[in-house]
Amino acid sequence: MSGFRMTTLSTLSLCSFVIMWAIAAGSIGRPDLVPSPLQVVEALKGMLSSGEIVKATITSLGRVVVGYLLGGVAGVVTGIILGRITIIRESFSIIFDVAKGIPPIALVPVVIMWFGIGEMSKWLVIAYVVWVVVTISTLVGAKEVPLIRLRTAEIIGLGPLERLYRVVLPSVVPYALIGLRNAVGFAFVALVSAELIGANSGLGQIIMDSRFALQTDRMVVGIFVLGGVGAICQILFELMERLILARRFQTG
Amino acid sequence: EPVRIFAGSSPTFAPVFVADQQGYFKEEGLEAVVRPFPSGAEAIEGFRSGAADFLVAADVPLSYLLTGGDVVMVAQFSQSSHFMVVVGPKEKMEAADIKGKKIGLVSKSAGEYMLSRFLDSKGLTLNDVERINLAPFDQISALVQGDVYAVSSWKPFDQKMVQLSRGEMIPAAWNGQVGFDIYSGIVAKRELLEKQPETVEKVVRALLKATKYLEKSGGVEANAADLAAYLKAPPADVQSVLETNKWDMHVSKDFLDGMKSVGQFLESQKLIAAPIDWQKAFDWTALKAVDASLVQ
Amino acid sequence: MRVLYAGLGVAIVIAVWQLMANAIAFDMLFPPPRVVGASAYDMIVSGSMTDDVGASLWRLLLALLIGVPAGILIGVAIGWWPIANAIVQPFIRMFNAIPAIALVPFSLLWLGVTEQSRIALLVYTITLTVLISTRAGVRNVSRIKLRAGECLGVRGPQALFKIVLPSCIPAIIIGIRTAIGLGVMVVVAAEMLGAESGVGYRLMQARSQFDTAALMASIIGLGLLALLLDRAFEFAVETLLPRYSTKRRIK
Amino acid sequence: MLAKLWTNFGISNVSKSFGNYPILDRIDLEFNRGSFICVLGPSGSGKSTLLDLIAGFERPTSGAIRLGLEEIRSAGPDRVVVFQDVSNALFPWLTVRENVEFGISRLPRAERQQRVARVLEMVNLANHTNKFPSELSGGMKQRVQIARGLAMEPDMLLMDEPFGALDAITRKKLQTDLKSLWEETGKTIFFVTHDIEEALLLATEIVVLSTGPGARVKEWIRRDQIPQDPATVEYVAMKTRLERALDIDEDH
Amino acid sequence: MLAKLWTNFGISNVSKSFGNYPILDRIDLEFNRGSFICVLGPSGSGKSTLLDLIAGFERPTSGAIRLGLEEIRSAGPDRVVVFQDVSNALFPWLTVRENVEFGISRLPRAERQQRVARVLEMVNLANHTNKFPSELSGGMKQRVQIARGLAMEPDMLLMDEPFGALDAITRKKLQTDLKSLWEETGKTIFFVTHDIEEALLLATEIVVLSTGPGARVKEWIRRDQIPQDPATVEYVAMKTRLERALDIDEDH
Ligand SMILES: Nc1ncnc2c1ncn2[C@@H]1O[C@H](COP(=O)(O)OP(=O)(O)OP(=O)(O)O)[C@@H](O)[C@H]1O
Ligand SMILES: Nc1ncnc2c1ncn2[C@@H]1O[C@H](COP(=O)(O)OP(=O)(O)OP(=O)(O)O)[C@@H](O)[C@H]1O
Ligand SMILES: O=C([O-])O
Ligand SMILES: [Mg+2]
Ligand SMILES: [Mg+2]
């Protein structure tokens with residue numbers, strides 16, 4: 001079956017879904033519970049013209065970016081330390097194993113308690129998840145830097161610092177990138193977690209607050225925008241990887 | 001089919017919990033499921049989605065439900081002049097201090113009304129401050145961490161704020177002080193009232209028993225202990241609320257006036273689209289059927 | 001030796017925690033390890049820990065029971081038949097981009113604050129995760145295996161059962177493992193946003209009473225629970241499916 | 001399975017293209033039953049493609065491949081392939097015994113067991129029946145593949161660089177063993193290799209393909225032309241001839 | 001780097017154990033500068049271990065390895081290793097040129113460039129300087145490794161089955177090229193292999209280790225004993241002798 005026919009089939013399937021949704025919404029007749037596609041489009045128009053959705057998107061995106069950068073850097077550093085220094089790994093791997101099981105949403109209450117309801121709390125919750133995901137994969141890469149690369153460094157007589165940035169760091173890059181790629185999705189999970197409980201702005205809050213007034217059309221808009229922004233970030237990341245890093249680091 | 005009753009989790013709505021705990025619903029032959037929510041505002045949403053038959057909350061959140069005409073208030077049962085509190089920095093709650101500041105509150109709760117009345121007493125209006133919607137427990141963090149200047153909330157959260165700020169934050173005003181009492185009540189779907197008036201009567205009768213129990217039983221301390229166990233909350237917190245509450249199901253003129261000013265407030269702030277039709281908002285038939293003397 | 005090092009790590013973390021608590025000197029906001037330990041102890045002896053963990057686990061297990069077979073079934077079907085995949089693919093894309101936690105408000109709205117609402121959300125998450133992993137497994141079955149099957153007289157539906165399915169069991173196992181991790185996240189979220197039992201509910205309860213010690217105890221407990229579940233699953237795979245064990249000696 | 005009654009195996013004027021890209025160009029060969037055919041050729045010349053055509057995995061663009069009078073149209077248990085990719089060719093979830101039984105599961109139990117025992121004996125794996133593939137060395141895995149093929153009692157074994165991934169000593173040993181096996185069973189073997197000495201050691205017929213695209217038969221050396229003793233001038237001359245036939249001025 | 005002034009390379013009574021497990025047992029050998037030493041031995045006999053000792057990655061349990069009078073105590077740029085693991089030996093994030101420059105980055109720019117040009121010319125890679133390892137064939141990668149080694153102008157090249165992972169044709173070509181390179185540069189080469197013919201083609205000295213644990217020198221064939229012409233009885237006899245020395249009754 002050709003790619004073209006596949007695409008056609010996928011498009012058809014998506015269209016029939018929208019039609020079925022419209023029919024279902026019509027027959028249920030509870031626009032407050034199940035809005036029709038048209039209502040959702042109307043809501044989107046309204047939220048666009050009021051600027052509300054753009055503002056919320058920018059707010060949420062800003063949180064993701066800051067949290068992601070914080071967590072990404074911390075994850076690479078932690079991963080390399082745990083991966084390269086056996087004593088530290090043996091001592092702290094159990095602690096890390098427990099930490100990595102904590103759902104981000106569970107952290108929201110304490111983080112809010114300690115850091116208030118400001119941006120810092122959201123950054124930390126997002127950074128936490130990114131940190132976990134990036135650490136896990138960086139650790140594998142750092143632990144498994146091929147012995148023969150380190151031996152090459154030994155022959156040449158590189159010192160510890162030079163070995164770190166000329167051999168270990170670049171060897172770890174492909175692994176860290178896997179973690180960073182996965183972390184994009186998790187950052188959005190954490191964003192939603194932080195915004196559903198304890199936020200007064202952002203996409204999560206639109207979803208949460210619209211619920212109180214049974215404005216499901218706004219909720220659906222919120223969900224779709226959230227999914228769309230998440231998907232775009234994912235795609236942008238992969239593009240960046242392919243354009244800038246793929247040749248040197250054989251990823252993607 | 002059990003009767004589902006949603007409520008804010010504050011001890012001010014104690015009669016519902018007492019009725020459940022003491023088995024008064026059962027005595028009426030009802031199987032009742034009572035579910036407490038962190039705030040009345042949140043309970044509204046559960047009720048709206050059709051998951052509940054009755055909703056118990058303070059007068060302000062209830063008023064939001066009364067705009068549609070499909071929901072009626074069938075009884076009220078508590079009155080307090082010390083329930084709502086504005087908490088802020090010690091000795092820094094004058095008009096000049098507050099103006100332009102962020103104030104935390106649960107939007108669509110009585111906190112909004114309380115803030116309005118408090119600002120009024122300082123010669124300010126709601127437009128002079130920035131309102132930040134926060135769940136009650138987030139208000140505590142926000143205030144202590146300095147994310148908001150003050151909060152408009154209800155008991156017992158004020159005590160936690162005082163404790164956690166090590167006394168930096170204290171109650172600046174309470175509702176009696178700024179000139180209003182707060183009531184709580186129960187609403188039902190109009191459809192239910194019309195189709196199964198006996199169910200509504202049974203619920204009201206159970207509540208009446210509960211208010212009487214609260215007045216006559218072993219005192220505030222004992223009540224607080226029972227209720228704390230029910231709500232899984234610290235007894236001291238519960239007691240601090242019960243101490244200032246009055247339980248009574250007589251429909252009084254003060255209550256009717258209070259509801260009307262809440263309605264006017266919501267309308268003037270454009271928080272509701274249309275004015276509440278008070279003729280249709282109350283329906284005391286069940287209350288009358290239970291005890292005609294409660295309604296004059 | 002390993003245990004010794006692990007003990008050392010835990011000791012260091014507790015010491016640092018204690019030092020921080022000393023510096024902050026405000027138990028209500030930042031309780032020291034002893035206070036959190038006491039809170040955990042209370043939860044255990046009062047039985048509330050058992051109840052909460054039990055409730056969350058029960059939801060998770062029930063959802064796994066429904067979601068895992070569903071995910072495998074759909075995953076194999078769309079991995080094997082390109083047409084089925086073309087039909088389902090846009091939805092997988094769409095839902096995969098939406099964090100399941102963002103759907104909690106919808107599930108509360110449509111199914112109410114009920115057990116069904118939580119289970120439905122969990123089943124959704126688990127099915128989607130297992131399905132995606134299974135589909136990848138089916139697609140990655142090496143062509144050589146299928147060709148070997150052809151030479152050995154195994155083709156068509158027989159190949160599906162005798163070659164494809166066993167080949168993608170490792171992928172299915174990875175999918176289930178991921179699903180358990182995500183399941184813990186989602187069940188906690190669902191319980192935090194509306195439930196009357198479970199670890200998530202306990203967290204919210206602790207939060208509304210500003211019980212920092214109980215909050216921290218619950219959070220650490222959640223980390224332990226997730227780790228335990230993961231190890232238990234690994235152990236179950238090792239003992240029940242030794243053929244698919246990843247620990248087998250490679251020569 | 002009754003062995004089919006063919007005595008010669010013909011590749012008549014076979015061409016194969018993928019899309020517009022020609023791989024094989026009018027290959028015309030004929031062999032007797034029981035031949036040991038070795039195919040040499042530069043990388044990418046189409047050796048594997050030719051093998052796939054004989055196996056029936058692919059169909060020729062033009063021409064036909066016949067066993068006796070019957071044209072090959074699909075894969076079948078009379079032509080079993082031994083693949084080079086040791087790690088993917090066996091079923092890792094089955095033990096050695098179960099792998100060998102895979103194709104003959106419909107035989108009565110007694111006969112099945114007897115066959116498995118016989119072929120495992122043939123490939124010297126009688127003591128490893130209950131091991132899993134991951135517990136075997138590369139050489140042992142290839143023996144299992146050969147045993148699995150033999151258990152089907154095929155007319156023909158098709159082997160695509162079966163020893164290419166093994167170390168020199170193991171390779172040597174398996175070559176000798178395969179030669180004995182062939183002498184013992186008289187199977188027709190079609191064997192693709194890169195290794196000239198391997199071909200000289202094993203083959204009764206050697207075919208060299210030219211560099212693609214559109215590879216043709218460059219050399220076809222028949223039974224009586226192949227020198228058997230490496231310590232002879234003829235052997236060295238033949239080796240040189242084959243080396244020259246294979247020589248290609250690519251970078252390696 | 002000034003080439004050190006040694007004329008002979010001695011392995012004096014060297015034993016090596018890992019824990020209580022003996023690997024090498026009293027290895028005693030001596031070679032002239034400029035020798036091409038090939039080491040054969042069954043798998044696991046300790047060939048790589050011996051190479052690691054010479055490289056200085058490991059230290060002998062007893063005995064000593066000396067270049068002239070100086071004992072080897074650590075790795076150094078005078079003894080460069082060419083590893084078998086083609087995919088990990090090069091730095092995949094560096095181009096061919098950058099890989100070759102890796103060990104000589106402290107040299108002045110002009111000299112560095114000149115050396116890189118010279119060694120890439122030597123290994124026939126002058127046209128591929130800007131490619132990444134992932135864009136090269138296995139044979140080309142090994143050439144880069146050799147060039148990287150040569151660029152450091154070492155006294156000795158240590159090669160651990162450098163052609164073991166390559167196909168037969170590529171292997172043959174690299175063998176010839178390495179031989180010319182050795183003739184041209186006069187470097188001492190220590191070369192581990194499994195392949196008897198490879199050893200016979202390249203070596204001036206062949207050492208065969210016995211099966212471990214506790215492997216000893218089983219054969220040591222000196223320069224004048226190694227027959228050069230494959231078409232002679234002596235050659236075949238030597239091959240048989242080495243085959244017998246390597247023969248082991250393990251399963252492969
Ligand atoms: N399915 C296919 N579609 C398109 N081109 C193909 C396909 N299979 C093989 N080719 C191309 O056909 C040519 C011959 O491939 P083949 O694998 O038969 O070569 P080969 O002689 O076996 O090479 P090697 O020695 O590397 O195994 C190659 O150029 C390859 O890229
Ligand atoms: N670091 C180590 N610790 C313990 N044992 C080791 C270590 N390195 C190697 N060995 C053991 O030493 C023995 C010799 O290994 P070595 O790699 O030197 O053999 P080899 O002759 O190179 O084998 P091959 O031909 O397979 O490459 C093996 O049994 C191996 O398991
Ligand atoms: O909790 C309130 O009912 O406002
Ligand atoms: Mg091939
Ligand atoms: Mg070795």
Side-chain angles (χ1 to χ4, degrees), chain B residues 2 4-11 20 33-39 42-53 55 106 134-145 153-154 156-168 228-238 240, chain C residues 21 23-31 35 39 42-43 46-49 51-52 55 103-118 120-121 189-219:
Chain B
R4 295 154 308 167
I5 305 173
F6 285 2
S9 62
S10 166
D20 192 27
V33 177
V34 175
R35 240 186 72 75
F37 284 77
S39 73
E42 274 183 55
I44 294 181
E45 167 238 352
F47 179 78
R48 280 227 186 119
S49 68
D53 306 301
L55 179 79
V106 177
L134 292 172
F137 20 82
D138 289 342
Q139 293 169 6
I140 305 175
S141 315
L143 183 68
V144 174
Q145 303 293 344
S153 192
W154 54 84
F157 297 109
D158 58 331
Q159 290 181 1
K160 283 276 190 283
M161 296 178 204
V162 175
Q163 272 179 297
L164 266 167
S165 66
R166 309 195 198 204
E168 299 280 310
Y230 181 91
L231 292 170
K232 296 176 186 146
D237 288 359
V238 174
S240 77
Chain C
I24 295 170
F26 196 12
D27 288 8
M28 213 173 152
L29 196 63
F30 193 84
V35 175
S39 177
D42 284 348
M43 287 191 220
S46 72
S48 80
M49 177 83 91
D51 293 350
D52 290 324
L103 296 177
V104 174
F106 284 88
S107 80
L108 290 175
L109 194 66
W110 287 331
L111 298 169
V113 187
T114 59
E115 207 59 61
Q116 293 93 296
S117 143
R118 288 153 223 150
L121 200 69
E191 288 169 353
M192 285 178 81
L193 293 168
E196 56 296 293
S197 61
V199 185
Y201 165 77
R202 175 67 44 204
L203 268 165
M204 275 318 231
Q205 193 73 20
R207 177 191 196 203
S208 65
Q209 284 153 20
F210 234 86
D211 188 346
T212 320
L215 260 182
M216 288 175 72
S218 302
I219 288 172

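- The part of B:Gln145 that comes within reach of chain C is its side chain, from C-beta onward, which places non-hydrogen atoms under 4.5 angstrom from that chain.
- For chain B, the nearby part of C:Ala195 is the backbone; its heavy atoms alone come within less than 4.5 Å.
- Distance CD/B:Gln163 to CG/C:Leu29: 12.0 Å, rounded to 0.5 Å.
- Contact detail for C:Gln209 and B:Leu231: the closest heavy-atom pair is NE2-O, 4.3 Å.
- The two residues C:Phe210 and B:Ser141 make their nearest non-hydrogen contact at CZ-OG, 3.6 Å.
- When heavy atoms are compared at a cutoff of 4.5 Å, B:Ser9 does not approach chain C at all.
- Applying the 6.0 Å contact sphere to CD of B:Glu168 captures no more than 12 heavy atoms from other residues, nucleotides or ligands.
- For the atom pair CZ of C:Arg202 and NZ of B:Lys232, the computed distance is 6.0 Å after rounding to the nearest 0.5 Å.
- Taking both residues in full, the closest heavy atoms of C:Ile24 and B:Arg166 are given as O-NH2, 3.5 Å, listed atom of the first, atom of the second, then distance.
- Only the side chain of B:Arg35 comes within less than 4.5 Å of a heavy atom in chain C; its backbone stays farther off.
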